[in-house]
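Data block below; observations after.
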Amino acid sequence: MAAKIEVKQKLDDSIPTVYLLTTEQVEGKDKTQLSAELEKAVMQLRKKGLFSGEECTTAPLQLGSKVILLAGLGEQKELTPTSLRCVVRSVLSSQFLKSAEHVNIFTEGMGRKDLTAVAEGVMLGSYIWKKYLTIDGKKIPKDKTVHIAADAKLLEKAVAICANVNYARDMVNENADVMNSAEIERRVRESVRGARNVRLEVLDRRMLKAKGLNLILAVNSGSRYEPRLIIAKYSGGAKNEPCTAFIGKGMTFDAGGLDLKPWQYMTTMREDKAGAAAVLAVMRNALAFKVKKNLIFAMGLAENAIGSRAFKPGDVIKSYEGRTVEVESTDAEGRLLLADANAYVAKNYKPDTIINIATLTGAVAIALGPDYSGLMANNQTLANRLLKSAEETDDRAWQLPIYKELKEHVKSKYADIRNLGMPKGEAGTISAAEFLRQFAGEKTKWAHLDIAGTNFVEGDGRWYYGYGATGTGVRLLTDFILR
Ligand code: BES
Ligand code: ZN
Ligand code: ZN
């Protein structure tokens, strides 16, 4: 579904080579790693006004038998990893390279950060969800192999992480009826096969019922699919070392339940499993890098469907944790599912830290837009560590407050707690987060990433992402466990 990267000792001159150049390099103000011959050719193009190095512009060039594509990065001081990834994406999808199956990218002299960004631009920027594209088959670009001569270890790490980002994207993009709870369970089992330090616990409908995870059961009650709580305990550290649990929302489809969503809001709701997909992808990275930490990867799986068996607005349900919950809206189902998942993991696994990741509220997109996920936490050290990883990976997050008085907003008149917050839906993101916090255990360090605004692109594309899932959170949390 995406381009491949091959790490080379030396680039092969018989295939086209992309040179990424800043305006300063084109103007000869910055020392380049280019050969004198190429430098001269670039200069000539500039003098003729055919190439300035402006961001996302390109110019083809032939030197002897060597085919070259110059690609502008813009001014050095404006250059960010995001713009580098965007340029790589636009170059690889350019008309000029359309039918090239092999392409070199010249990266000599690049530092660690830029090189990682180039690899990410290749892997994430070329990703297309094309499984169901058949009619216009000829127009679908072929997957390219990109050759890069640079530090193999660094490139392989970036490639491995991006492969799992794309794995999560595939899961989110897939039809809800294909990527149902049984298929996700199959993928988890396949991912841990042969791993000696992973113990899997899978709670099916019968066990959820026997143990009293009634919130998960209620959310799934209108569905013809099975609910699941899947918990993979990964022991990479010493026995007495603390443990961090990642718990993701895996709503394979969110129709809203009886509080049915209007169609405009429902079309992409297969994306509501993005939290669980991210958790699985991070687990795959933990296994691939043999992370020396104790980690738990948990996924709550359900489908919020409409039907005569569906749970009802106004219902009061006893949670696994013991408190009763008033269902004020069946569409605020993510917090119900995660409340039981958090409480179960907190009680039975006693992690030191719980990190939720979920497409929890539309409100987060109103507050922060599509570029920053919402981060909330009950512990500032934990929040800072996550923000550091967000910054480092450019998988962006912005912190929203959690404070004592938020408790008032989730109080119910006739149950212990309710699943809505302030009366007009104000601050919907933090009241949903407060609900999750209350089920993670009072002593647990807790954080929550609301990725409802960032995980899916509905238009043609944004940054280096095309239409569909972006895999937000995977790079952030992978960086977090690798630190
Ligand atoms: N899955 C949605 C949130 C969502 C919105 C995810 C947009 C991805 C894109 C969630 O279950 C939901 O429906 N939330 C409601 C909460 C409301 C009823 C308090 C919402 O955001 O409208
Ligand atoms: Zn919902
Ligand atoms: Zn939902």
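One-based numbering, in listed order, for ligands and for the atoms of each. Only heavy atoms go into these numbers, but all of them, side chains included; no hydrogens, no water, no symmetry mates. All residue numbers in this chain count up from 1 along the given sequence.
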### Message
I need the contact type for D331 against ligand 1. Using non-hydrogen atoms and a strict under-4.0 Å cut-off, is it side chain, backbone, both or neither?
### Response
both

### Query
Identify the closest protein heavy atom to atom 17 (C) of ligand 1: which residue and atom is it, and at what distance?
L420 CD2, 4.4 Å

#### Entry: D254, any N or O under 3.5 Å of ligand 1 N or O
yes

### Message
Under 3.5 Å, is there a donor on one side chain and an acceptor on the other for D395 and Y372?
### Response
no

### Query
Of all the atoms in ligand 1, which lie at a distance below 4.0 Å from a heavy atom belonging to T359?
1 (N), 2 (C), 3 (C), 6 (C)

### Query
Side chains of N455 and T472: do they bring a donor and an acceptor to under 3.5 Å?
no

### Side-chain donor-acceptor pair present, R396, T82, cut-off under 3.5 Å
yes

#### Entry: Between S191 and R284: side-chain donor-acceptor atoms closer than 3.5 Å
yes

### Message
Under 2.8 Å from the Zn ion (ligand 3) - does any N, O or S atom of A332 fall there?
### Response
no

### Query
What residue and atom, counting heavy atoms only, is the protein's closest point to atom 16 (C) of ligand 1, and at what distance?
R335 NH2, 3.9 Å

#### Entry: 4.0 Å protein heavy-atom contact status of atom 22 (O) of ligand 1, strictly under
no

### Query
Taking both backbone and side chain into account, is any N, O or S atom of D331 nearer than 2.8 Å to the Zn ion (ligand 3)?
no

### Query
Is the Lys NZ or Arg CZ of R187 less than 6.0 Å from the centre of Y167's six-membered ring, within 45° of the axis?
yes

### Task
Compute the shortest N/O to N/O distance between K261 and ligand 1 and return yes if it is under 3.5 Å, no if not.
yes

### Query
N/O to N/O below 3.5 Å, does that happen between M269 and ligand 1?
no

### Query
Taking only heavy atoms of G362, which atoms of ligand 1 are found under 4.0 Å from at least one of them?
3 (C), 5 (C), 20 (C), 21 (O)

### Query
Does any donor atom in the side chain of T252 or N180 lie under 3.5 Å from an acceptor atom in the other side chain?
no

### Task
Write the atom name of the N, O or S atom in D272 that is nearest the Zn ion (ligand 3).
OD2

### Task
Looking only at protein heavy atoms, identify the closest one to atom 1 (N) of ligand 1 and say how far it is in Å.
D272 OD1, 2.8 Å

### Query
Mind checking whether F456 and Y467 have ring centres under 6.0 Å apart?
yes

### Task
With heavy atoms only and a cut-off of under 4.0 Å, state how S329 meets ligand 1: side chain, backbone, both or neither.
side chain

### Message
Can you tell me which N/O/S atom of E333 has the shortest distance to the Zn ion (ligand 3)?
### Response
OE2

### Message
For a quick test of reading the model, state the closest non-hydrogen atom pair linking E55 to S83 and the distance between them.
### Response
OE2-CB, 3.3 Å

### Message
If we only consider heavy atoms of L360, is any one of them less than 4.0 Å away from an atom in ligand 1?
### Response
yes

### Query
Within 45° of the ring axis of F435 and under 6.0 Å from its six-membered ring centre, is that where the NZ or CZ of R418 lies?
no

### Heavy-atom gap G425 to ligand 1 smaller than 4.0 Å
no

### Any donor-acceptor N or O pair under 3.5 Å, side chains D340, S319
no

### Query
In terms of side-chain heavy atoms, does E321 have a donor or acceptor partner in Q438 at a distance below 3.5 Å?
no

### Summary
The N/O/S atom of D254 lying closest to the Zn ion (ligand 2) is OD2

### Task
Check the side chains of Y225 and E183 for a donor-acceptor pair under 3.5 angstrom, ignoring hydrogens and angles.
no

### Task
Answer yes or no: does an N/O atom from E333 fall short of 3.5 Å to an N/O atom of ligand 1?
yes

### Task
Measure from NZ or CZ of R85 to the centre of the six-membered ring of Y464, then state whether that distance is under 6.0 Å and the direction lies within 45° of the axis.
yes

### Message
I need the contact type for K249 against ligand 1. Using non-hydrogen atoms and a strict under-4.0 Å cut-off, is it side chain, backbone, both or neither?
### Response
side chain

### Message
Measuring from non-hydrogen atoms of M251 to any atom of ligand 1, is the shortest distance under 4.0 Å?
### Response
no

